[in-house]
Amino acid sequence: MRVTTAEASEPDGTTRRVDPVLVGLWIALVLVALIWLAPFVFMIFTSLKTNEAVMATGAFTPPPEYAWHNYTEAWRRGRFDTTFSNSAVIALIKVPLGLAISAMAAYALARMSIPWGKALLLVVLFGTMIPFQVMLAPLFTMVNRFDLIDTYPGIILPYIAFGVPYQVFILHGFFRAIPKELSEAALIDGASHFTIFRRIFLPVSIPVLAALFILDFVATWNEFAMALVLLQNQNMWTLPLGLMSFQGQFSNDYGQLNAAIVMTVLPATIVYLMFQRYFVSGLTSGAVKE
Amino acid sequence: MHLRQSLGNARVQGWALLGPAVVIYGIFALFPLLDVVVMSFQRWNGLDANRVFVGLENYRFIFASDPVFWVAFKNTVIWTILCLIFPPLVGLLLALGLNQKLFGRGVLRATYYLPVIIASIAVATMWRWMYDPFFGLFSQLMTNMGMASSIPDWLGDRTIALYCVFVAHLWHSVGFSMVLFLAGLQSVSQTLVEASRIDGAGGWGVFRYVTLPALRPTITIVLVLSVINSLKAFDIVYGLTGGGPAQSTQMLALWAFTQAMQIFDYGRGAAISVVLLLITVAIVVPYLRWTQKQEEAAR
């Protein structure tokens, strides 16, 4: 990001004329971006400082010496081995399974004449808009009735249920836009809907599925409220729950607290940076098509 | 006969494809949604085998006897208004800027978007540390500027705590609005922009008469999503202040949760939830109608 304004004034290389308005805009945007990044810098610097260094040095002073042990200590005290593996298991089962279920339903609603199909779609669409926090208590009651509190299925099934609306909504729109000719020939040849779904629709929708996969992975990884209600046993906690409890217990160990935040945030950040393109297209394909 | 058979077959196939989603969504989303309404007319501590029907008693209590409810209600309204103004406005400004051909705009876009992918509970933990009255970022910055004597107790002062929480939320959510606006800006016709430029329109004129009208659907969507997300404000408040100090950051979603899961009064919690649900429906249904009209008009 260390570039001179002279470079910035040749935006696409085709023109060498310096537009002072654009230069001013660029400077403003970079300055605000630095403010946006400042919390990250502050957090990463703190995560590598000892408590004495936190109190003695300024917020944006690099650590005098790197206190890597903050990370190992935070990992141990925050029981990251447990919470990390719980989060990983839940996300790695929930995301592909939920996406498969949503894709199947979206296909049926988009390409088959299902009785009450339209009403069903509306009910699903409504699901994208209700704040799920309103039903945490009845959800707890429901999961408890199945004796699934503190189990993987007990959190994965509700996660799938709350992922269905958005994913069906997006995939339904996408499947409907696929030309009829593509599937009709196969249907006449006697192929079942299962075959058409698997052989034709799934392959052509890989970019959308990839986008939804990334989006859903990050959302599942970050989810807090439902996990708070449905996972009461410490051995079942996910990363956000672990971080919350860490903050409660060790909030005065500034370095370790920040190391814990960094470790919680890092996996989703890496996934995002690697698949950024898909991520953004997934977000916008549903919202801004009209 | 053959036709009939394949029709029946297709129906079976349809339900096989639709089945898992409908069953899971029905059991774990729709049923709790209906149950919360039923629960709001009952008294239950979460343990008893019986849920006692009490009519409107829970509603009477939250409206007439629960002082926290109205504080939470007021805070939710303030919060929603803040969420309607600032994230969309800042997001729009950033999107307009980053829609220009600027050096490194990809990096800039990614920077603004980065906070969005962070767990809101991590954002809360991060900001709680930044609001630390002694060693936190803001207190340090004020000390450096020679204002050490007037450092407020950011999250402990009931007059400003809600706004401090909102600033964290703003940092967290602006990138989301920005991305939606950037996508919306792709639909602005470049030919129209060129034409109005030739006709002598300045930057403001182009924005006012070409860009803004083209962005109308996007603006509506961003505003509706902002409202919906603002009503969902839970994690960030829970993590930053837990509703305190003295309920000054209490919100409906959090208060409903507290009543049910911590005070074990499921009925009152459910009644608060229903109020929140009704507010959401009042906002969402007109929006759904509007989108349907738009779609019909496009056909």
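Per chain, numbering begins at 1; letters A, B, ... match sequence-line order. Side chains are part of it too, since the values below use all heavy atoms of this structure and drop only hydrogens, waters and symmetry mates. Since this is a predicted model, take the numbers as computed values, not measurements.
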With a 4.5 angstrom heavy-atom cut-off, could you sort out which part of [X] is near chain B: side chain, backbone, both or neither?
| X | result |
| --- | --- |
| A/Thr269 | both |
| A/Thr57 | backbone |
| A/Leu241 | neither |
| A/Val21 | neither |
| A/Thr46 | side chain |
| A/Leu257 | side chain |
| A/Ile261 | side chain |
| A/Asn144 | neither |
| A/Leu139 | both |

With heavy-atom distances below 4.5 Å as the criterion, would you say the side chains of [X] and [Y] are in contact?
| X | Y | value |
| --- | --- | --- |
| B/Tyr113 | A/Trp36 | no |
| B/Met39 | A/Pro138 | yes |
| B/Thr280 | A/Pro131 | yes |
| B/Tyr112 | A/Val32 | yes |
| B/Trp129 | A/Phe42 | yes |
| B/Leu18 | A/Leu120 | yes |
| B/Leu33 | A/Ile130 | yes |
| A/Phe146 | B/Phe28 | yes |

Measure [X] against the heavy atoms of chain A and call it side chain, backbone, both or neither at under 4.5 Å.
| X | result |
| --- | --- |
| B/Phe135 | both |
| B/Met126 | both |
| B/Ala16 | both |
| B/Leu252 | neither |
| B/Val38 | neither |
| B/Trp255 | neither |
| B/Phe31 | side chain |
| B/Val174 | side chain |
| B/Ala256 | neither |
| B/Val281 | side chain |
| B/Leu98 | both |
| B/Asn144 | neither |
| B/Ile228 | side chain |

is_close_aromatic(A/Phe40, B/Trp171), centroid dist under 6.0 Å: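 So the answer is yes for these two rings.
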
Sidechain-backbone polar pair: A/Gln133 side chain, B/Ala253 backbone, donor-acceptor under 3.5 Å: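 Here the side-chain-to-backbone pair does not exist.
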
